[in-house]
Number of protein chains: 2
Amino acid sequence: MSPMAEPSTRAEIVAAADDLFYRQGYAHTSFADIASVVEISRGNFYHHFKSKDEILDAVIAARIAETERMLARWEHAAKGSADCIRSFIRLLVANRGDIKRFGCPVGTLSAELAKLDHPAQPGANQLFILLRTWLAKHFAQLGRKPDADALALHLLARSQGVASLANAFHDEAFIRREVRLMEEWLDREIS
Amino acid sequence: MSPMAEPSTRAEIVAAADDLFYRQGYAHTSFADIASVVEISRGNFYHHFKSKDEILDAVIAARIAETERMLARWEHAAKGSADCIRSFIRLLVANRGDIKRFGCPVGTLSAELAKLDHPAQPGANQLFILLRTWLAKHFAQLGRKPDADALALHLLARSQGVASLANAFHDEAFIRREVRLMEEWLDREIS
DNA sequence: GTCTATACTGAGATAGAC
DNA sequence: GTCTATCTCAGTATAGAC
């Protein structure tokens, strides 16, 4: 363990794999792809990871940690629960460039692992669960306790659908339009 | 060309590939997988299709033709445009078993080809365009000509999102709930 | 001793010859 | 319709560098 002076090779591998898994998909990304980004030899990173699945686990763990930090930042910056939910909705706009080109990182990974029937599916779905419970918590705080989870799932589904079609049609204007509709929906639901 | 007494070998290959591409994904399905379903040798296979990409093209063409037939059936059975749009919404319920397990065949193929940066992307998106223009046509006939395309895209996105999350969480009840919300939305929009 | 690099094996895939 | 060439990939063995 080096005392975090520079990013460790392991962390570089995870970061590169994270990026490539998002842009190319998990199955379509080879060790050689990752190695060429990190600029290490291909055989080398068996010292850090025993298998490709282990890298995937590390990438998922990193994404979960990053998502938790993002949610905490939103809660810190927001005035209340309605603002928190708005931050989630606006994430689509903030990331519209990547979403247009590569889709939603959560949804596309979950869909790919489902088709591969991959053992890491529960881990990938943990990202969905994280967002689902966080959104439900804030809907409950806005007085929608009985159907907080249903509202959370509804909003998650809406944003997933927007990401899918924005990706298929490469349409950023569509993202902005749907984000406005979701904000109006939110205002109606919590008024 | 045999006079359609029995399904031709070529049609059997396309049907098997269609099914496997849906359930396993395109990249993860090999010639051997398809050949073992159709029970032909790989050499015979090569007589009908020169490459895997060619099979994909044939599968996409078959899906487009099948979708066009489905839309025509809906129009024939429906009382009016509102009924047509309801048929589209209820497709989620009709196919809920497959959607729960494998997602939406249109959306998952489009997403996979996007990640692979595959040349057949435009063909796969043609399926989306087919639904989009068909829905927009019926919204226009219901007096929503100015925003008919936006309404069509909105509904397409909603159903894509429902399929994605139903697949991730393996939740059929969620599909039924969201379908009801979409039907209520439709009633409001066209009233 | 921690990290890195080179060389190799075997599985599974497409493509194609015969 | 069998049989083979070739390619890419994950994974391993092992030795060298700091």
Side-chain angles (χ1 to χ4, degrees), chain A residues 1-62 109 112-113 115-121 123-124, chain B residues 2 6-14 16-60 109 112-113 115-121 123:
Chain A
M1 286 284 175
S2 73
M4 71 160 50
E6 304 178 25
S8 66
T9 303
R10 187 195 154 93
E12 283 187 84
I13 292 173
V14 173
D18 190 345
D19 188 53
L20 287 169
F21 289 173
Y22 177 39
R23 282 164 28 202
Q24 308 184 340
Y26 169 69
H28 194 240
T29 299
S30 69
F31 278 16
D33 292 334
I34 303 170
S36 82
V37 170
V38 184
E39 286 180 319
I40 59 173
S41 72
R42 212 182 57 66
N44 183 6
F45 60 94
Y46 283 92
H47 177 73
H48 300 276
F49 297 96
K50 282 199 287 290
S51 72
K52 194 177 169 185
D53 286 0
E54 237 178 55
I55 300 179
L56 177 60
D57 289 340
V59 166
I60 290 171
L109 180 64
E112 180 179 5
L113 296 185
K115 289 256 192 252
L116 299 178
D117 199 18
H118 194 282
Q121 279 179 84
Chain B
S2 74
E6 303 179 25
S8 66
T9 303
R10 187 194 154 91
E12 283 187 84
I13 292 173
V14 172
D18 191 343
D19 188 53
L20 287 169
F21 289 173
Y22 176 39
R23 282 165 27 204
Q24 307 185 340
Y26 169 69
H28 195 240
T29 299
S30 68
F31 276 5
D33 291 335
I34 303 169
S36 82
V37 170
V38 185
E39 287 180 320
I40 58 169
S41 71
R42 286 201 328 88
N44 191 354
F45 208 114
Y46 201 72
H47 177 257
H48 296 281
F49 295 98
K50 282 199 289 289
S51 72
K52 195 176 165 186
D53 286 0
E54 241 179 52
I55 301 178
L56 178 59
D57 289 338
V59 166
I60 290 171
L109 181 64
E112 180 179 5
L113 297 186
K115 290 259 191 250
L116 299 178
D117 200 19
H118 194 281
Q121 278 178 84

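Letters go in sequence order (proteins before strands), and every chain restarts at 1. Keep in mind that this is a model prediction, so the values were computed, not measured.
- Heavy-atom contacts from other residues, nucleotides or ligands closer than 6.0 Å to NE2 of B/His28 number 12 or fewer.
- Across the helix from C/dG1-D/dC18 to C/dC18-D/dG1, the helix axis at one end is tilted relative to the axis at the other end by 20° (nearest 10 degrees, each axis from five pairs).
- Across B/Ile60 and B/Gly123, no two heavy atoms sit closer than the pair CG2-O, 3.5 Å.
- Rounded to an integer number of Å, the gap from B/Phe31 CZ to C/dG16 P is 10 Å.
- Of all heavy-atom pairs between B/Phe49 and B/Arg10, the closest is CE2-NH1, 3.5 Å.
- No side-chain donor-acceptor contact under 3.5 Å links B/Lys115 to the backbone of A/Phe21.
- Atom CG of A/Leu56 and atom C1' of D/dA10 are 15 Å apart (whole Å).
- Distance, A/Arg10 CZ to C/dT2 C1': 15 Å, rounded to whole Å.
- If you measure from atom CZ of B/Phe49 to atom C1' of C/dT14, you get 16 Å, rounded to the nearest angstrom.
- With hydrogens and angles ignored, the 3.5 Å screen pairs no side-chain donor or acceptor of B/Glu112 with any backbone N or O of B/Leu109.
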Shorter than 3.5 Å, N or O on both sides, protein versus nucleotides 4-7 of chain C: list them out with atom names.
from: C/dT4; atom 1: OP1; to: A/Thr9; atom 2: OG1; distance (Å): 3.0
from: C/dT4; atom 1: OP2; to: A/His48; atom 2: NE2; distance (Å): 2.9
from: C/dT4; atom 1: O5'; to: A/Asn44; atom 2: ND2; distance (Å): 3.3
from: C/dA5; atom 1: OP2; to: A/Ser41; atom 2: N; distance (Å): 3.1
from: C/dA5; atom 1: OP2; to: A/Asn44; atom 2: ND2; distance (Å): 3.3

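- Rounding to whole angstrom units, CD of residue A/Gln24 and C1' of D/dC9 are separated by 14 Å.
- In this structure, A/Gln121 contributes its side chain and A/His118 its backbone to a donor-acceptor pair below 3.5 Å.
- Taking the six-membered ring for Trp and the full ring otherwise, B/Phe31 and B/Tyr46 have centroids separated by 6.0 Å or more.
- At whole-Å resolution of the value, CD in A/Glu54 and P in D/dA10 are 14 Å apart.
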Practice task
Could you walk me through whether A/Val59 and A/Tyr22 pass the side chain to side chain contact (heavy atoms under 4.5 Å, CB included) test, one step at a time?
Solution key: CA-CA 10 Å; A/Val59 166; A/Tyr22 177 39; over 6 Å; no
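- Between the CZ atom of B/Phe45 and the C1' atom of C/dG16 there is a distance of 15 Å, rounded to whole Å.
- The base of C/dG16 does not come close enough to the side chain of B/Tyr46 for any donor and acceptor atom to sit less than 3.5 Å apart.
- Looking at B/Asp33, its side chain does come within 3.5 Å of a backbone N or O of B/Ser30 through a donor-acceptor pair.
- Going from atom NZ of B/Lys52 over to atom C1' of D/dC7 covers 15 Å, rounded to whole Å.
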